[in-house]
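So the structure is just underneath, and the comments pick up after that.
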Amino acid sequence: MRNTLIKNARIVNEGKIFEGDILIEDDIIKEIETSISVKSADILVVDVEGNYVFPGMIDDQVHFREPGLTHKANIETESKAAIAGGITSFIEMPNTNPQTTTIEKLEEKFAIAAESSYANYSFMFGGTNDNLDEILKVDTKTVAGLKLFLGSSTGNMLVDNPEVLEKIFTSTKMLISVHCEDEDTIKANLDKYIAEYGDDIPMELHPKIRSEEACYLSSSKAIELAKKTGARLHIFHVSTGKETNLFSNKIPLKDKKITAEVCVHHLWFSDEDYARKGSHIKWNPAVKTSNDRDQLWKALLDDRIDVIATDHAPHTLEEKNNPYTSAPSGGPLVQHALVSLMEAHHQGKISVEKIVEKACHNPAILFEVEKRGFIREGYYADLVIVDPQSPWTVNKSNILYKCGWSPFEGNTFKSRITHTFVNGKLAYNNFKVLDVKAGKRLTFNR
């Protein structure tokens with residue numbers, strides 16, 4: 001492997017920004033110094049001219065749709081989009097077809113990723129009402145964790161038996177990630193609006209159907225059960241201000257037993273955007289009010305919310321353009337997550353140091369990812385170069401998702417990602433994904 005020297009970088013790492021050079025040897029960061037000189041013909045020198053260098057983002061929640069749903073996306077196409085967006089590692093969800101609820105199906109997904117992924121990868125194992133025996137076989141050093149749907153979403157993996165749920169929480173040492181929405185509340189709300197509108201419910205009623213009450217009821221129950229059993233609980237895609245009060249910032253992340261994630265779409269959009277964007281911003285949980293969005297930002301910045309992710313979940317435009325009851329929830333986000341966070345930085349909402357903390361460092365700490373998420377000597381060289389002042393507009397010609405659309409279409413971002421290194425290899429360079437499948441299976445210090 002050719003070695004690389006990154007020159008004149010503004011390195012963003014562990015709460016600081018400092019100018020320096022980074023030497024990569026093979027797949028490892030060999031040296032970080034104010035100035036490094038290497039006399040060798042066999043070295044790639046990348047002068048980043050004072051642009052930021054971030055650790056690669058670790059996205060702890062994506063749906064890449066393989067196997068079984070590959071008309072929407074697959075691991076190859078979406079991992080390409082991810083590295084173009086500065087995400088060098090992803091954790092993918094189990095609601096594929098077939099679902100990842102046996103060790104055999106889990107290893108089949110790892111085999112697909114080993115052949116096709118441009119980014120580093122791991123997978124969540126899916127819990128159901130009847131697969132506890134399989135859950136207990138999972139190797140926690142090589143698998144990210146366990147995913148439970150406590151409210152039904154794409155894939156119908158609802159765990160709705162309270163006895164089973166408590167047994168899972170009691171029996172596994174694995175990190176348990178949960179989708180929290182109360183099914184009975186959602187069903188009652190949906191029935192009410194179907195009676196009024198039929199299938200063509202206005203999209204702006206989505207947050208009334210998948211309501212604050214549905215989210216809070218489910219999240220609070222999950223937290224209560226985690227406290228009772230001592231389970232390690234991580235709540236995905238918090239979407240309401242009310243839920244933020246369930247979480248604490250009184251102890252360091254590494255010592256927390258209950259943690260929370262927010263996704264970029266809940267930080268960017270509000271219910272005011274349904275009139276313009278319609279089903280293209282239909283997610284589960286729903287995008288809610290601007291006040292909810294403000295409260296999510298507040299909790300993120302004061303460390304009650306620990307990580308930022310995408311919940312990247314592509315569907316085709318044909319599927320999304322259906323009436324409310326048949327338009328699936330979810331949208332593609334990995335290519336535009338980091339630039340949208342940088343836009344929030346330009347708006348004065350968040351520092352670049354905090355972006356790196358929440359999107360790079362904290363996922364590594366929370367999941368105990370081995371040698372990733374930081375710019376440190378001896379760590380894997382997953383690095384992203386960000387030009388903070390190079391505007392570009394999202395349009396069909398530069399979207400890399402297989403589904404071919406983005407909720408950010410037409411948006412101009414001030415920042416652009418110029419280079420992405422995965423395990424020391426230059427994998428993305430100025431709007432071009434290189435033919436370099438450098439991704440590796442994530443391992444965990446557990």
Side-chain angles (χ1 to χ4, degrees), residues 14-15 57-61 91 124 140 144-148 150-151 165-166 168-170 172-182 211-264 266-267 285 288-289 291-311 341 344 349-351 353-369 373-374 444-446:
E14 299 184 72
M57 283 178 65
I58 300 173
D59 192 344
D60 78 352
Q61 188 189 182
I91 298 171
M124 286 281 182
T140 60
L146 178 68
K147 172 70 179 286
L148 302 179
L150 306 188
L165 198 58
E166 183 160 347
I168 292 172
F169 272 56
T170 305
T172 181
K173 298 291 187 203
M174 255 194 300
L175 182 145
I176 302 170
S177 294
V178 288
H179 174 127
C180 286
E181 291 182 285
D182 182 69
S211 61
E212 175 192 81
E213 180 191 10
C215 294
Y216 185 82
L217 191 57
S218 183
S219 294
S220 56
K221 280 182 179 177
I223 288 170
E224 187 180 334
L225 185 57
K227 288 178 177 177
K228 176 182 175 182
T229 59
R232 173 67 184 89
L233 179 68
H234 181 51
I235 296 191
F236 276 154
H237 43 47
V238 175
S239 63
T240 72
K242 188 174 181 180
E243 286 172 284
T244 63
N245 298 313
L246 294 168
F247 305 102
S248 171
N249 57 8
K250 291 182 170 58
I251 58 175
L253 174 58
K254 66 181 178 60
D255 299 325
K256 287 187 181 183
K257 294 279 279 184
I258 296 167
T259 51
E261 167 206 281
V262 68
C263 291
V264 290
H266 291 123
L267 295 172
K288 297 185 174 68
T289 69
N291 181 61
D292 285 304
R293 181 177 59 192
D294 292 345
Q295 292 300 311
L296 293 171
W297 273 111
K298 183 178 178 183
L300 179 72
L301 296 173
D302 73 17
D303 299 336
R304 283 174 290 150
I305 292 178
D306 303 290
V307 300
I308 303 171
T310 68
D311 193 18
L341 292 170
K349 291 180 180 175
I350 188 170
S351 68
E353 298 97 318
K354 202 71 172 177
I355 292 171
V356 167
E357 177 190 324
K358 298 293 184 176
C360 312
H361 299 340
N362 283 6
I365 295 167
L366 196 152
F367 285 89
E368 300 175 275
V369 181
F374 295 84
F444 304 91
N445 291 313
R446 298 170 180 157

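The shown structure was predicted, so the numbers you read here are calculated from the model rather than taken from an experiment.
- Once rounded to the nearest 0.5 Å, the distance linking CD of Gln61 with OG of Ser177 reads 8.0 Å.
- Ion pairing between a basic and an acidic side chain is recognised when a charged N comes within 4.0 Å of a carboxylate O; Asp306 and Lys358 show no such pairing.
- When all heavy atoms of Phe444 and Thr140 are compared, the closest pair comes out as CB-O, 3.9 Å.
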Criterion side chain to side chain contact (heavy atoms under 4.5 Å, CB included) on Lys354 and Leu301, from CA distance to verdict: CA-CA 8 Å; Lys354 202 71 172 177; Leu301 296 173; 4.1 Å; yes
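- Shortest non-hydrogen contact noted between Ser220 and Leu246 is N-CD1, 3.9 Å.
- In this structure a side-chain-to-backbone donor-acceptor pair under 3.5 Å is present from Trp297 to Leu267.
- Sorted by first and then second residue, the salt bridge (charged side-chain N to carboxylate O under 4.0 Å, His left out) pairs with a member in residues 213-224 form an empty list; sequence neighbours excluded.
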Side chain to side chain contact (heavy atoms under 4.5 Å, CB included) between Cys263 and Thr310, intermediate numbers included: CA-CA 5 Å; Cys263 291; Thr310 68; 6.0 Å; no
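- A distance of 9.0 Å separates CG in Asp303 from CG in Leu253, rounded to the nearest 0.5 Å.
- Here the side chain of Asn249 pairs a donor or acceptor atom with the backbone of Asp302 at under 3.5 angstrom.
- In this structure, Ile355 and Leu341 approach most closely via the heavy-atom pair CD1-O, 3.4 Å.
- Residues satisfying the ring pair (Phe, Tyr, Trp, His ring centres under 6.0 Å) test with His234, not counting sequence neighbours, are Phe236, Phe367.
- Atom OH of Tyr216 is separated from atom OG1 of Thr244 by 10.0 Å, given to the nearest 0.5 angstrom.
- Counting only distance, with no hydrogens or angles, the side chain of Thr229 and the backbone of Thr170 share no donor-acceptor pair below 3.5 Å.
- Defined by atom type and a distance below 3.5 Å, a donor-acceptor pair is present between the side-chain atoms of Ser239 and Lys288.
- Test Thr259, Leu150, Ile305, Ile223 against Ile235 for side-chain contact (heavy atoms from CB on, under 4.5 Å) and you get one pass: Ile223.
- In this view, Ala364 and Ile58, Val369, Phe374 satisfy the side-chain contact (heavy atoms from CB on, under 4.5 Å) rule, not counting sequence neighbours.
- Taking the side-chain hydrogen bond (donor to acceptor under 3.5 Å, both in side chains) definition, one finds that Thr289 meets it with Asp292, sequence neighbours left out.
- Atom CG of residue Leu148 and atom CE of residue Met124 lie 10.0 Å apart, to the nearest 0.5 angstrom.
- Glu368 meets the side-chain hydrogen bond (donor to acceptor under 3.5 Å, both in side chains) test with no other residue; sequence neighbours excluded.
- For Glu14 against His361, the heavy-atom pair with the smallest separation is N-NE2, 2.9 Å.
- Closest of all the heavy-atom pairs between Leu146 and Thr172 is CD2-CG2, 4.4 Å.
- With hydrogens and angles left out, the side-chain atoms of His237 and His266 include no donor and acceptor closer than 3.5 Å.
- A salt bridge (charged side-chain N to carboxylate O under 4.0 Å, His left out) check over residues 230-253, counting only residues at least two apart or in different chains, returns nothing.
- A pairwise comparison of heavy atoms in Ala359 and Pro363 identifies O-CG, 3.7 Å as the closest pair.
- Within the 4.5 Å cutoff, side-chain heavy atoms of Arg304 are placed close to those of Asn245.
- Rounding to the nearest 0.5 Å places NE2 of His179 at 8.5 Å from CG of Asp311.
- Atom NZ of residue Lys257 and atom NZ of residue Lys227 lie 13.0 Å apart, to the nearest 0.5 angstrom.
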Trace of the side chain to side chain contact (heavy atoms under 4.5 Å, CB included) decision for Asp59 with Ile91: CA-CA 6 Å; Asp59 192 344; Ile91 298 171; over 6 Å; no
